[in-house]
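In what follows, every chain begins at residue 1, and chains take the letters A, B, ... in the order their sequences are listed. In this text the structure is predicted, and so the values were computed from the model without any measurement.
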Amino acid sequence: MDRIYLDSNATTIVDPRVKEAMEPFFSQMYGNPNSLHDFGTEIHPYMRLAMDRLYSGINAKDQNDIIINSCASEGNNHVLKGVYNDLIRNGPKNEIITTQVEHPCVRNTCAFLESLGVKIIYLPVNSDGIVDVDTLRRSIHPDKTALVSVMWANNETGLIFPIAELAAVCREKGVLFHTDAVQAIGKIPVDVSRVAVDFLTFSAHKFHGPKGIGGLFIRQGLKLTPLLHGGEQMGGKRAGTINVPYLIGMGLAMEMAVDSLNYEASTVRLLRDRLEDAILTIPDTMVVGKRALRTPNTILASFRGIEGEAMIWDLNQNGVAASTGSACASESLEPNPTFVAMRISDELAHTGIRFSLSRFSTEEEIDRAAVLIRQSTQRLRAISSTYKNGK
Amino acid sequence: MAKNDLIGGSLWEQYSNKVSTRMNNPEHRGEISDAEAKELGARLIVADWGAESCGDAVRLYWAVDPKTNRILKAKFKSFGCGTAIASSDVMAELSMGKTVEEALKITNIEVEMALRDSPDIPAIPPQKMHCSVMAYDVIKKAASLYKGVDMASLVEEEIVCECARVSLRTIKDVIRINNLTTVEDITRYTKAGAFCKSCLRPGGHEKRSHYLVDILSATRAEMNKDKLLTQAEARDFATMNLIQKHRAIEKALDEKIRPALAADGGSVEIVDIRESEGTVSVYIRYLGACKGCISSTKGTLQFIESMLKRELADNIRVLPV
């Protein structure tokens, strides 16, 4: 029986058309795009096309930059450490505002900056699991705040944050705004001409591109000290020979992701809802966050009486790939701030299972997964010491 | 760091086949009913340990023969990850056929050993070792219920690291004996903190009553205090006042000289100590067999003087009265 992949928030299958588009740039057109000879210059039209696709994918003007890098972790490091260098170390400001629910690549970078003396304000989320615009407004000190960094959508819950409003508050207060859009691109519209973001980061492998390549959008006129110093690639803003085949792949992946947004909003959402409905027919289950507030592909479910890692082990034995934020599988038992804010910390700390779909998910897979999830639930509840029928 | 650490995500790959098998199909899962226990002529014990909010909970069923205290049958249920399930399964199996007293000796380390495919390769990765501790705790709980005593009374030693079962006393001793100064050293010497790392410092996987960082700093503080006291006592003989000199000489006599004299039925006492022109004169009187012994003015006297010189200072002169 074929395996069922329901972990697309971790990474996605590379679209076969993306792979095909990358193919010629390994052994046929392998030149260094910085070379002056034909081996280098013959690649330029393809790179231009890829860049065009990335720019139009997020509706960026040509005057803006999209720095090609290795991943969103790099982009997020670049923004946070660059702003630290430009506005805090060599400037008048001393604080950065972020949230309690950011991905570790933002959270841990902030913790590092904290160790260098930067004041970091970690905004909580409200009872919907969302960062509140008024909370941000109250937290900004225009003379002190160097940067606000809030993810566009949360990787665990799929909850979408009000980025347009948050960015507008920052623009109004004259504070730079960054968003980690890794979980948004290809799932919901991302348009930098309508949303006042100054920096935006993304990663190709979350939208059916290859791993190891990503992008950083920088609004026109903003200075940002490089993270990688070296050659003059990317206009001197990010050194290192560009990964040409992956850039070509990411460009096509972006175009297809944006073209698929309607499909995501309709078909993927229907499939997700179908799976979610099936899960909720199992007694004593719950799903975190209102559907309307989530990316169309994500379900974070709790199955009472079943420890998360035991569940994903059992699902894996039956060919279903999901993931858990269960504390048992991690280093710390610190409760997840989203769950604390939503008052579901006790249930979710150890029982949360994330199912994340993609445009490659099929109805047949979803229906089969629903059956297998039910079976796992029954098997594990039968040996659970804390689960009693209906209690 | 090893290659596997750099690749990451190898948690499940480090489970032994036995762990996997028991996770998928725990042999002793389930319950023992009252009727079943009655049929066996056994007393039914149902022990719960842990809580869902802590991430681990296990319930152990024992049917115990009240005449022999022997566990005739054991079953379990668990809210926990796969390794917790596998550990509980082995724990139930190991307890069967044992008396309650014998079962109390089962530790998480034994459970882990039983899950190994090969004796040299751990059954589970270090960070999962704490999952097997539940198995040990619930046995204690079941035994305390059976005996009708408080669980604390069954705990012989205060355990700091549950995964490696290292006691507070062991850790303190190791710090003292080896003069350890870092938590990493403690882990290297005792394995405490090498597994789930909860006991290293607050903020780890679970809350502990003792942390290695605290034990280290407390023990180092005690050691410093002891050292100061020892130093206070072992000051240089030359700078001692007369009372301290008297004590030091008495101590040296007790430790190094009197036992030798006693072997021949004799002894010695101090009559006076006088200091003049850089010489300490110790006036002694022989007692018992030493009194009137021919050697008492020669060999024995030399022995006493040279011993005091060696132990205390060169400027000591011993004079018999």
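- Summarising the geometry of A:R379 relative to B:N24, their closest heavy-atom pair is NH1-O, 2.9 Å, with the distance given to 0.1 Å.
- Note: B:R29 CZ to A:L380 CG = 10.5 Å, rounded to the nearest 0.5 Å.
- No more than 12 heavy atoms of other residues, nucleotides or ligands shown are found within 6.0 angstrom of NZ on B:K191.
- Counting all heavy atoms, side chain and backbone alike, A:A310 lies closest to B:G80 at CB-O, 3.3 Å.
- With a 4.5 angstrom heavy-atom cutoff, B:Y61 does not touch chain A via any of its atoms.
- Not counting sequence neighbours, B:K38 has no partner by the side chain to side chain contact (heavy atoms under 4.5 Å, CB included) test.
- Atom CD of A:E307 is separated from atom OG of B:S78 by 8.5 Å, given to the nearest 0.5 angstrom.
- If you measure heavy-atom distances from B:S198 to chain A, you find no contacts under 4.5 Å at all.
- Residues forming a side chain to side chain donor-acceptor pair (under 3.5 Å) with A:T201 (at least two apart in sequence, or on another chain): A:N76, A:H178.
- Under a cut-off of 6.0 angstrom, the local environment of NZ in A:K19 is sparse, with at most 12 non-hydrogen atoms contributed by other residues, nucleotides or ligands.
- Two residues are said to be in side-chain contact when any heavy atoms from C-beta on lie closer than 4.5 Å; B:W12 and A:I312 meet this criterion.
- Heavy atoms of A:I306 lying under 4.5 Å from chain B belong exclusively to its backbone.
- Nearest heavy atom pair, residue B:F79 against residue A:S385, reads N-OG, 3.3 Å.
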